[in-house]
Amino acid sequence: MEDEHNQAQNVPAKLLKPYDPAETEGRIYKLWEESGFFNPDVCIQKGVTKNDAESFSIVLPPPNVTGRLHLGHALEHSLQDAVVRFKRMQGYKTLWIPGTDHAAIATQARFEKNLTKETGKSRHDFSRNDFFNMVNEFGLINQKDMQTQMRLFGSSLDWSREAFTLDANRSLAVRTAFKQMYDEGLIYKGHKVINWDPKGQTTVSDDELVYVERDATLYTFKYSANFPISISTTRPETKVGDTAVAVNPNDERYKQYIGQEFDAVFCNVPIHIKIIADYSVEAEFGTGALGVTPAHSQIDAEIAMRHELPSVQVINEYAKIMVGDENLIGKKTSEAREIVAQWLRDNNLMEKEEKIKQNVSTSERTEAIIEPLPKMQWFINVNKQIPSHKNKTLKELMLEAVEKDGVKIIPDRFDKTYRHWINNLRDWCISRQIIYGHQIPVWYKGDELYCGINPPAGEPEGDGWTQDTDTLDTWFSSGLWTFSTLGWPNNTDDFKNYHPTTLINPGYEILPPWVARMILMSKYLLNEVPFKTVYLHGIVRDSKGIKFSKSLKNGIEPEEIIKDCGTDALRMSMVVGIGPGNDTNFDIQKVKAYSKFANKLWNITRFILSSTTQTNTLDLSQKPNLPDTESNILDEFEAILIDITTDIENYRLYIASEKLYHYVWHNFADIIIEESKDILKNGSTDEKNNRSWLLMYILTRSIQALHPFMPFITEELWSFLPKTNKEQDNLLIITPWPITAGKQ
RNA sequence: GAACGAUUAGCUCAGUUGGUAGAGCGUCCCCUUGACGUGGGGAAGGUCACAGGUUCGAAUCCUGUAUCGUUCACCA
């Protein structure tokens with residue numbers, strides 16, 4: 001039987017069995033890593049990339065070291081690696097930097113939750129230093145795990161440049177940025193109403209709030225019998241801190257009272273109320289009068305600022321009342337609410353109680369109800385005119401990036417989201433009362449304040465200095481990511497070669513907190529944009545369209561999928577048909593379909609190697625004089641390659657990958673190969689040779705074109721192809737993209 | 001309250017610039033034992049949410065409506 005297959009020696013034994021990704025992928029990744037080709041310096045050294053080639057750089061959105069990578073990360077890696085491999089093959093000086101994010105509050109919160117569950121202890125049972133180290137260790141375990149996962153995804157990351165937002169180099173970048181902003185007055189310390197998380201005992205920024213709808217009661221009442229105006233509130237317990245009642249200046253009902261001041265005893269607490277006029281008050285809502293509590297509401301604080309009202313703090317960090325008699329003092333806000341309401345009823349001051357739906361802000365991490373409190377904190381001023389930037393504000397610099405500097409957001413509808421966020425931006429509270437993170441690089445000694453950079457931690461010379469105990473919002477360090485990873489503040493070659501980066505590829509949900517912050521930092525510190533294109537991907541949901549989450553336990557481990565179907569199949573399923581900014585419901589059927597495709601490609605190769613002529617000596621660069629039939633097939637194929645190339649260059653990977661899939665299976669295999677069987681069997685020698693060359697050519701180029709999407713199987717098949725010229729002698733990862741000629 | 005998105009075959013979703021619809025899975029029939037049973041051929045199945053409009057022509061552009069979803073804001 002064997003003797004009938006006179007070309008069987010062309011077929012490696014491995015190819016005779018179905019494709020086995022599990023056996024292949026790990027080995028191939030190791031091969032790549034050892035080759036050094038993930039590192040652009042090595043590519044230049046070995047003559048793969050020209051020294052003066054244009055660079056293509058991209059930093060990985062650093063995953064939080066709170067846990068492991070999930071399918072959303074698989075999507076992100078599939079997209080980025082496809083583009084990176086494509087650009088590398090096109091001859092760009094291609095750099096993709098890996099890294100992870102310490103994620104400050106998220107990591108500390110998760111660690112502390114585990115700690116309490118397992119040992120009953122909390123952070124207060126440890127020294128600051130010990131606790132920091134424990135959280136960090138927890139993070140580093142996850143970090144290591146994620147590095148393994150990234151390799152499993154096949155990502156061609158330059159591991160020699162790996163970064164962590166909390167490592168020494170990044171810490172230097174953080175201190176440098178902080179000092180520069182501090183010295184120019186952009187970072188300031190101020191006593192303002194901030195979002196306080198009573199459970200986490202820290203401030204949180206506006207972006208870390210989650211609004212939850214709840215039932216609430218809207219109470220309408222007067223402070224005292226002789227007070228002329230009724231007010232409404234859902235939080236009567238805060239009203240012991242009121243210092244004014246605000247009405248709309250055009251409201252005829254109340255005009256006569258504007259400017260008057262009243263004393264009252266509210267729930268046994270003496271208060272002094274001034275009646276003021278402010279346009280922010282809507283006459284139509286409630287009674288048209290707003291009780292102003294400057295210490296416990298952002299909006300009221302703004303009104304109070306405009307009218308120079310005193311501010312009285314009545315709620316403390318533990319969300320307990322800190323004024324009043326024994327009935328009130330020390331009570332939790334929820335208890336105090338009912339006590340005050342009852343007092344109002346008892347004193348015939350309550351006019352109305354209605355049930356309403358209300359959105360209450362909670363902490364993203366601890367789920368605690370946020371208490372607005374006045375506190376001394378560090379802020380970044382987004383409205384200050386910056387002398388070193390032609391008196392533009394940070395907000396203006398951020399808008400400039402998309403309006404003038406050409407930062408392109410894909411899909412473009414998110415451009416609006418970006419602008420809207422910036423236009424509503426308030427000063428960014430950057431200090432946190434947690435331990436895990438970058439400690440504020442500021443030291444105090446008496447009235448002296450020192451802000452420093454120098455390693456190891458920036459501390460000043462001499463004795464008696466104590467460092468500010470707060471740490472920075474995690475987004476402060478991630479805002480520096482595109483350049484802190486390239487060696488900034490040192491003027492390194494990497495920084496010169498690769499910044500601004502070409503592309504960034506995060507999920508759309510972090511457009512405001514991350515993408516916008518990177519633009520802020522880069523525009524201010526470097527006077528340039530951090531990246532040229534922002535490709536936003538969507539969310540991977542479960543098959544029912546529900547978001548994966550740890551609490552719902554509906555997560556699917558990427559490893560399971562990879563074990564069953566292979567990474568290439570998973571990657572294809574994450575790319576084909578999923579447009580930018582679109583969510584996708586994960587469906588294992590889709591992955592299975594592409595694992596079939598992998599096998600199909602495997603068998604196409606087997607067939608061509610075993611059925612064509614002279615495969616050992618076939619030189620692709622020696623194109624025979626093809627008859628029309630073959631010539632047309634070739635033209636059609638090249639046209640598709642050009643098409644696909646254009647699609648990828650415009651980041652339409654979801655279309656390019658599908659076209660490739662469709663061509664290879666339903667044109668190449670189903671039509672071209674099928675009709676070749678007869679030719680290869682019954683044709684003349686010339687016919688056989690021409691057809692053989694054509695099949696081998698399309699196969700070879702298809703494998704190259706598929707490589708960005710299915711890197712493992714294509715690299716493996718590449719090794720089986722005849723080695724008849726220099727190009728084919730190399731690893732597939734560094735072969736030139738098949739249609740460089742097609743760019744014409 | 002506002003912005004944005006979605007609404008296409010039984011299910012999950014593509015459809016890049018307007019030229020009367022495609023994929024995967026599922027269903028049914030047939031074929032394939034010399035690439036692949038993870039294969040091949042074929043079939044059924046869609047008034048492209050609805051109503052108007054622009055156009056020679058619209059799933060694709062415009063207006064409005066409905067339902068679902070996301071995000072932002074928030075009424076004190």
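The analysis underlying the following values was restricted to heavy atoms, covering all of them including side chains, and did not include hydrogens, waters or symmetry mates. Numbers restart at 1 for each chain; the letters A, B, ... are given by sequence-line order, proteins then strands.
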Taking the side chain of A:Glu658 as heavy atoms from C-beta outward, which of B:rU70, B:rA23, B:rA35 is closest to it?
B:rA23
For the pair made of CG in A:Asp206 and C1' in B:rU71, what is the distance, rounded to whole Å?
15 Å
In sequence, state the C-alpha distance, the side-chain angles, and the governing distance for A:Lys274 and A:Thr243, and then conclude on side chain to side chain donor-acceptor pair (under 3.5 Å).
CA-CA 6 Å; A:Lys274 185 178 179 182; A:Thr243 55; over 6 Å; no
Between A:Ala598 and A:Thr584, which residue's closest nucleotide on RNA chain B lies nearer the 5′ terminus?
A:Thr584
Counterpart base for B:rG52, defined by Watson-Crick or G-U wobble contacts under 3.5 Å:
B:rC62
May I ask you to say what A:Ala289 touches in the nucleic acid, namely base, sugar-phosphate or nothing, with a heavy-atom cut-off under 4.0 Å?
nothing
Categorize A:Asp670 for me: base, sugar-phosphate, or nothing, with a 4.0 angstrom heavy-atom threshold over every strand shown.
sugar-phosphate
Check the distance between B:rG5's P and A:Ile539's CD1 and give it to me in whole angstrom.
16 Å
Looking at B:rC74, which nucleotide sits across from it as a Watson-Crick or G-U wobble partner, both distances under 3.5 angstrom, or is there none?
none
Any-strand Watson-Crick or G-U partner of B:rG57, both distances under 3.5 Å
none
Nearest to side-chain heavy atoms of A:Ile299, which nucleotide of B:rC25, B:rA35, B:rC74
B:rC74
Separation between the P atoms of B:rA76 and B:rC68, rounded to whole Å:
25 Å
Hey, what's the ring geometry for A:Phe266 with A:Tyr223, parallel, tilted or perpendicular (30° and 60° as the breaks)?
perpendicular
Would you say B:rG15 has OP1 or OP2 under 4.0 Å from some side-chain N or O of A:His662?
no
Taking OP1 and OP2 of B:rC74, is either one under 4.0 Å from a side-chain nitrogen or oxygen of A:Tyr211?
yes
Just checking A:Lys592: base, sugar-phosphate only, or nothing, at a heavy-atom cut-off of under 4.0 Å?
nothing
Please report the distance, rounded to the nearest Å, between CZ in A:Phe597 and P in B:rC25.
13 Å
Give A:Asn359 one of three labels, base, sugar-phosphate or nothing, depending on what nucleic acid heavy atoms sit under 4.0 Å from its own.
base
Once you apply the 3.5 Å cut-off to both distances, tell me the Watson-Crick or G-U wobble partner of B:rG24, or none.
B:rC11
Could you tell me how far B:rU17 sits from B:rG52 if I compare only their C1' atoms? Round to whole Å.
26 Å
Relative to the ring of A:Tyr697, is the ring of A:Trp693 parallel (under 30°), tilted (30 to 60°) or perpendicular (over 60°)?
parallel
Taking the side chain of A:Trp665 as heavy atoms from C-beta outward, which of B:rU70, B:rG40, B:rA76 is closest to it?
B:rG40
Provide, to the nearest angstrom, the distance between the CD1 atom belonging to A:Ile410 and the P atom belonging to B:rU16.
16 Å
Which base sits across from B:rA44 as a Watson-Crick or G-U pair, both distances under 3.5 Å?
none
Side-chain donor or acceptor of A:Lys416 under 3.5 Å from a matching atom on the base of B:rC4?
no
Please work out which of the three classes, parallel, tilted or perpendicular, describes the rings of A:Phe668 and A:Tyr663, given edges at 30° and 60°.
parallel
Counting only Watson-Crick or G-U wobble pairs whose two distances fall under 3.5 Å, which nucleotide matches B:rG69?
B:rC4
